[in-house]
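One structure is given here, and the rest of the page talks about it.
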Amino acid sequence: MRVLTPELMRQTDRTAIEDYGFPGLVLMEKAAMALRDAVRPLAQGGALFLCGSGNNGGDGLAAARMLLLEGCPVRVALLTSAGKLKGDARAEYELLLRCGGAVREIADEAALAAFCAGAPESVAVDCLLGTGLDRAVSGLYAAAIGWLNGQHRPVIACDIPSGVDGRLGHILGCAVRAQKTVTFHALKSGLCLYPGREYAGEIVVADIGIPPQIHSDCPYEQLSFEDAAALVPKRARDSHKGSYGHAALICGSAGMAGAARLSAGGALRSGTGLLTLMLPGSLLPLLNGDPPEAMCLALPEKDGRIHGAAQAALSALAGKSAVGIGPGLGKDCDHFSLIRHILEQTDIPMLIDADGLNALAQDPDILRGRAAPVVLTPHPGEMARLCGWKVQDILQDPVGCAVEFAARWGCVVLLKGSATVIASPEGRVTFNATGNPGMAAGGSGDVLSGVITALLGQGLGGYDAARLGSYVHGAAGDLAAREMGYHGLTASDMHKGLARVFARLSGL
Ligand SMILES: NC(=O)C1=CN([C@@H]2O[C@H](COP(=O)(O)OP(=O)(O)OC[C@H]3O[C@@H](n4cnc5c(N)ncnc54)[C@H](OP(=O)(O)O)[C@@H]3O)[C@@H](O)[C@H]2O)[C@@H](O)CC1
Ligand SMILES: [K+]
């Protein structure tokens, strides 16, 4: 599913209007119809529209007219003088008046308070600001947003909740908290990132007739269920365990044997044909053959951590189809050399996570020039150590950071967060839409490492393995949360959820 920035959306509108000849008013009417359809079920007691000075307001004026003509009581406030309306918004204003509607022009906060006081309507519609928002909200618009957020009736947002930055999802001053957002033609990146995603409530993407081929090369996307299903490796009846790869996980240390088990469970529930865990030998008695499906190989260790193991690991990696390194590894000065040897001397697709990333941060230059896929799965703290950005700056612009690093070092970056983003070396970006706050708990990332390593081992490219892995991992957490809630959800609960998600994606 395509995701556009406000700028790309503007270009798309322009192309539809100027190159294809779609009248702008036709697009606005289609947008208004979709908005009307979302408002209607909640408008038994009438609908109150708050409209701004641009085309977002124009959508609202048109939807108000449509509901009025259906017999629904509507009241419309316009937060500018009608004389300042331009183009399609002006045309919609005149149409509304000609159809018997009334519009109250609101000049100040007192007039707004008087208009809104004791409002009888059962739904409010936010058509104040859309993708044209270009500065922090203040004054009258901020008062209108404050009123919408302080009253009890549901709010439907037109295109994007007013005050949310359409590109980054930031709140510019203040923003509407909507129950539902009807967005037009494509998702906007600001609706995929927090806090914008939270403010939007349920999101509906409405087709307004813009030809899909315009900007079909847009680099941003979000996986729908169907998109994810199309990426799942197919399983033929006449196949065997060798058909689905042999994944290796280099993981675990004294005190963190559980990470190996969690990661192994992630791989085993994601279709790997075979799995070998490569661990400090002292962990083997602790694991006690669990999980039984995994083979185990003891690597040299020091103080409970893998150490001096490059040669042993390289020999053991012969014939493996993917390797993941990092879960529960602990910090050891020798890990950098282990990673460098694997990067330089094998062409096995590789995932690096957790303390593997902290080791890599010594010199990410060792990633350069590797032909086989490398997937990095940092959280913002690990990303900061890798790329030198401040954590705060990464949180402000996770997409910019992930894209820059992926392009610079030729790898796939899966930057974790409440909204995980996955960037390819070519500049493609997927926003992950699955997952929930219950997954913000230790071990969740270990499971994800296992999932992605298994998918790499089954032949998926780095970008597809990372984005499908992220989708499935989040969806497994969502399934588990339905049963366990957020507070009691553990990483182990995700294992069975993974199996169920893959079953659904496979149509079983
Ligand atoms: N054909 C199309 O293009 C289609 C577009 N569609 C719809 O149009 C929307 C985009 O419309 P848009 O570009 O007119 O911008 P919009 O979001 O209404 O804002 C407009 C004005 O707000 C102002 N302003 C900005 N920031 C402000 C602030 N902080 N506080 C106060 N005022 C602020 C600023 O005016 P200024 O005050 O700078 O003169 C700006 O001009 C899009 O979201 C979708 O709903 C659909 O109908 C489908 C077809
Ligand atoms: K809006």
Side-chain angles (χ1 to χ4, degrees), residues 4-36 38-39 49-63 66 78-81 83-93 106 112 124-146 148-149 155-167 170-188 190-191 196 199-201 203-210 214:
L4 294 176
T5 59
E7 193 193 344
L8 283 170
M9 187 65 219
R10 268 191 295 280
Q11 285 178 21
T12 301
D13 281 336
R14 214 177 303 132
T15 308
I17 292 167
E18 292 173 7
D19 298 354
Y20 284 72
F22 280 90
L25 201 58
V26 168
L27 301 180
M28 189 171 275
E29 285 284 299
K30 300 261 291 186
M33 283 180 203
L35 183 62
R36 172 203 62 190
V39 173
F49 285 78
L50 296 187
C51 298
S53 63
N55 284 336
N56 199 252
D59 295 343
L61 294 166
M66 292 169 187
L78 181 64
L79 272 69
T80 185
S81 74
K84 289 192 182 153
L85 290 175
K86 292 191 210 95
D88 298 332
R90 165 141 218 112
E92 294 292 4
Y93 169 79
I106 304 284
L112 178 73
V125 193
D126 158 34
C127 309
L128 293 166
L129 297 158
T131 50
L133 176 77
D134 58 5
R135 56 188 186 272
V137 184
S138 62
L140 184 57
Y141 278 76
I145 290 171
L148 282 168
N149 288 345
V155 177
I156 308 284
C158 173
D159 205 18
I160 188 161
S162 298
V164 171
D165 176 77
R167 187 169 78 88
H170 297 165
I171 306 304
L172 296 186
C174 59
V176 169
R177 283 189 178 273
Q179 185 180 79
K180 187 185 251 191
T181 295
V182 183
T183 197
F184 306 126
H185 178 62
L187 275 170
K188 313 300 174 305
L191 294 174
Y199 278 61
I203 298 172
V204 176
V205 182
D207 175 14
I208 59 168
I210 294 177
I214 302 179

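First listed ligand is number 1; within each ligand, the first listed atom is number 1.
Within the coordination shell of the K ion (ligand 2), defined by N, O or S atoms under 3.4 Å, Thr181 is absent. At a threshold of 3.4 Å, the K ion (ligand 2) has a backbone or side-chain N, O or S atom of Cys158 nearer than that distance. Here Gly130 fails the criterion, with no N, O or S atom under 3.4 Å of the K ion (ligand 2). Not one N, O or S atom of Pro161 sits under 3.4 Å from the K ion (ligand 2). Contact annotation: Asp159 places no N, O or S atom under 3.4 Å from the K ion (ligand 2).
Each of the following atoms of ligand 1 lies closer than 4.0 Å to a heavy atom of Gly130: 16 (P), 17 (O), 43 (O). Residue contact check: Ile17 has heavy atoms under 4.0 Å from atoms 1 (N) of ligand 1. Every atom of ligand 1 is numbered from 1 in the order shown, and the set under 4.0 Å from a heavy atom of Met28 is 47 (O). Interface of Val137 with ligand 1, defined as ligand atoms under 4.0 Å from a residue heavy atom, comprises 29 (N). For ligand 1 and Leu27, the ligand atoms under 4.0 Å from any heavy atom of the residue are 49 (C). Close contacts of ligand 1 with Ile208, meaning ligand atoms under 4.0 Å from a residue heavy atom, involve 48 (C).
Ranking the protein heavy atoms by distance from atom 20 (C) of ligand 1 puts Gly54 CA, 3.5 Å first. The protein non-hydrogen atom at the shortest distance from atom 7 (C) of ligand 1 is Asp59 OD2, 3.2 Å. The protein heavy-atom contact nearest to atom 38 (O) of ligand 1 is Arg135 NH1, 3.2 Å. Atom 23 (C) of ligand 1 has as its closest protein heavy atom Ser53 OG, 3.9 Å. Tyr141 CD1, 3.7 Å is the protein heavy atom nearest to atom 31 (C) of ligand 1. Protein heavy atom closest to atom 40 (C) of ligand 1, with residue, atom name and distance, is Gly132 O, 4.3 Å. At the top of the distance list for atom 9 (C) of ligand 1, counting protein heavy atoms only, stands Asn56 N, 3.6 Å. Closest to atom 2 (C) of ligand 1 among all protein heavy atoms lies Asp13 OD2, 3.3 Å.
The presence of a protein heavy atom under 4.0 Å from atom 15 (O) of ligand 1 is confirmed. Remark: atom 26 (N) of ligand 1 lies closer than 4.0 Å to at least one protein heavy atom.
Ligand 1 does not have Leu128 within reach: every non-hydrogen atom of the residue lies 4.0 Å or more from it. Note on ligand 1: Ala136 sits in its first shell, one or more heavy atoms being nearer than 4.0 Å.
Contact of the Met28 side chain with the Glu92 side chain is registered, since non-hydrogen atoms from C-beta on lie closer than 4.5 Å. Looking only at side-chain heavy atoms (C-beta outward), Leu140 and Leu112 come within less than 4.5 Å of each other. Side-chain contact check for Cys127 versus Leu35: some heavy-atom pair is nearer than 4.5 Å. Residues Gln11 and Ile214 form no side-chain contact, since every pair of their non-hydrogen atoms from C-beta on lies 4.5 Å or further apart.
Atom CG of Leu4 and atom OG1 of Thr12 lie 5.0 Å apart (nearest 0.5 Å). With rounding to the nearest 0.5 angstrom, the CG atom of Leu79 is 8.5 Å from the SG atom of Cys51.
Looking at Thr131, its side chain never comes within 3.5 Å of a backbone N or O of Pro6 through a donor-acceptor pair.
Of all the heavy atoms in Val176 and Pro161, the pair that sits closest is O-CB, 3.3 Å. Closest approach of Ile203 and Leu191 over heavy atoms only: CD1-O, 3.7 Å. Listed here is the closest heavy atom pair of Ala32 and Ala62: CB-CB, 3.4 Å. Taking every heavy atom of both residues into account, Gly54 and Ala89 meet most closely at O-CB, 3.7 Å. The two atoms that bring Asn149 and Ala175 nearest to each other are ND2-O, 2.8 Å, heavy atoms only. The two residues Asp13 and Ile210 make their nearest non-hydrogen contact at OD1-CD1, 3.5 Å.
Remark: at the K ion (ligand 2), atom O from Asp126 and atom O from Leu129 enclose 150°, rounded to the nearest 10 degrees. Geometry at the K ion (ligand 2): OD1/Asn56 and OG/Ser162 form an angle of 100°, nearest 10 degrees.
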What's the verdict on salt bridge (Lys or Arg N to Asp or Glu O under 4.0 Å) for Lys188 and Asp159, showing C-alpha distance, side-chain angles and the deciding distance? CA-CA 9 Å; Lys188 313 300 174 305; Asp159 205 18; 3.3 Å; yes
When you look at Phe184 and Asp59, which way does the side-chain contact (heavy atoms from CB on, under 4.5 Å) test go after all the steps? CA-CA 11 Å; Phe184 306 126; Asp59 295 343; 3.3 Å; yes
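The residue Asp88 has no part lying near ligand 1, judged by heavy-atom distances below 4.0 Å. Under 4.0 angstrom from ligand 1, the non-hydrogen atoms of Asp159 all belong to its side chain.
Here's the thing with Asn55: one of its N/O atoms is less than 3.5 angstrom from an N/O atom of ligand 1.
Ion pair Lys30/Asp207 not flagged as a salt bridge, since none of the NZ, NE, NH1 or NH2 atoms sits closer than 4.0 Å to an Asp/Glu carboxylate oxygen.
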